[in-house]
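Working notes for the structure below.
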Protein chains: 2
Amino acid sequence: MTNDYLSSTFAALADPTRRAILARLASGEAPVTELAKPFDMSMPAISKHLKVLERAGLIARSREAQWRPCRIEAGRLKEVAEWLEHYRRFWEASFDRLDDYLRELKTKDNPKEKKHVRKQSKN
Amino acid sequence: MTNDYLSSTFAALADPTRRAILARLASGEAPVTELAKPFDMSMPAISKHLKVLERAGLIARSREAQWRPCRIEAGRLKEVAEWLEHYRRFWEASFDRLDDYLRELKTKDNPKEKKHVRKQSKN
DNA sequence: TGGTTACATAACCTCTGGGTTAAATATACT
DNA sequence: AGTATATTTAACCCAGAGGTTATGTAACCA
């Protein structure tokens, strides 16, 4: 499942340095040295971050002489967006409407339940 | 900045158990024992996962007798969605149009550049 | 050929994350 | 008061993440 990828994608995004690198790459390809400039961090550290991003499928690296330009690879970000869509109603609906939704779900599934709804196939 | 929260939110979402818990909670409040049922895992492990989700602001817990019902708290998910929006064009635009975009960005910012664009204030 | 630049790999350290079992706490039930 | 149920806390273990310095490799330059 796409499930497997989600864990490594989220893990990769959980680091501010890596998110900053992605933000930089959003304005175009860049070689490693340039990506490293904003950070007070050794090159190997940056290299590791890039490897994490690459393994997570968030960036791709090519070769150009002695440079290794990096660019954003958007597929996994799209998967994250799709995963998030399942929860959109939680922040878009007004709270009242959300309550309505849950109450409806509850009574439809298990009319006698009072405390909490029972497990039901998710998603 | 919202930046601080993003790291803990993404970190919380990087675990499949925790995402499954969120998926379950998407269909309504549930107490801890019920959340634990699908998993071959000790209660303290679940308890820790819930604490991570709570600290990340992804769930909230209340009290009801000896139960601690959990529910989704959508604010942080919304922040993730907003963060993602900055990258939407990367998976939505056709590749040609993306190339156009980057080329335009590049020439506008630094007309003489050939290999790669220079650093520029991000986002 | 030798030096410089760009980057990766190796070896190491430390801290945290995710799991365990055992014990504590809180509420309800009789 | 005494037991059962629900949940958290404590103490521990181990693997992995994120950083370091030192070293290796590859391409360009003179």
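Since we're looking at a predicted model, the values are computed, not measured. We name chains A, B, ... by the order of the sequence lines, and we start the count at 1 in each one.
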Tell me whether the OP1 or OP2 atom of [N] has a side-chain N or O from [X] closer than 4.0 Å.
| X | N | answer |
| --- | --- | --- |
| Ser42(A) | dG19(D) | no |
| Lys51(A) | dT9(C) | yes |
| His49(A) | dG19(D) | yes |
| Arg61(A) | dA8(C) | yes |
| Arg68(A) | dA27(D) | no |

Closest to the [X] side chain, choosing from [options]:
| X | options | value |
| --- | --- | --- |
| Ser47(B) | dT9(D), dT9(C), dC7(C) | dT9(D) |
| Lys48(B) | dA10(C), dA11(D), dA11(C) | dA11(D) |
| Met41(A) | dC7(C), dG19(D), dA22(D) | dG19(D) |
| Gln66(B) | dA8(C), dA6(D), dG18(D) | dA6(D) |
| Pro44(A) | dT7(D), dA28(C), dT21(D) | dT21(D) |

* Asked: Among Arg19(A), Glu73(A), Arg18(A), which one satisfies side-chain contact (heavy atoms from CB on, under 4.5 Å) with Leu53(A)?
  -> Arg18(A)
* To do: Please answer: with hydrophobic residues joined when any side-chain heavy atoms are less than 4.5 Å apart, are Leu58(A) and Val52(A) in the same cluster?
  => no
Interatomic distance, [X] [atom1] vs [N] [atom2] [rounded to whole Å]:
| X | N | atom1 | atom2 | value |
| --- | --- | --- | --- | --- |
| Leu35(B) | dT7(D) | CG | P | 9 Å |
| Lys37(B) | dT5(D) | NZ | C1' | 13 Å |
| Glu64(B) | dT7(D) | CD | C1' | 15 Å |
| Asp15(B) | dT16(C) | CG | C1' | 14 Å |
| Trp67(A) | dC29(D) | CH2 | C1' | 11 Å |
| Asp40(B) | dG19(C) | CG | P | 11 Å |
| Leu53(B) | dG17(C) | CG | P | 13 Å |
| Glu54(A) | dT9(C) | CD | C1' | 15 Å |

* Test applied, salt bridge (charged side-chain N to carboxylate O under 4.0 Å, His left out); reference residue, Glu54(B); option that passes from Arg76(B), Arg61(B), Lys48(B) -> Arg61(B)
* Asked: For Arg71(A) and Ser62(A), does a side-chain donor sit closer than 3.5 Å to a side-chain acceptor?
  ->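 Not at all, the side chains of Arg71(A) and Ser62(A) share no donor-acceptor pair under 3.5 Å.
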* Structure fact -> When Met43(A) and Arg63(A) are each assigned the nearest nucleotide of DNA chain D, the 5'-most assignment goes to Met43(A)
* State, with a plain yes or no, whether a side-chain heavy atom of His49(A) is found less than 4.5 Å away from one of Ile21(A). =>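 Side chain of His49(A) against side chain of Ile21(A), heavy atoms only: contact under 4.5 Å found.
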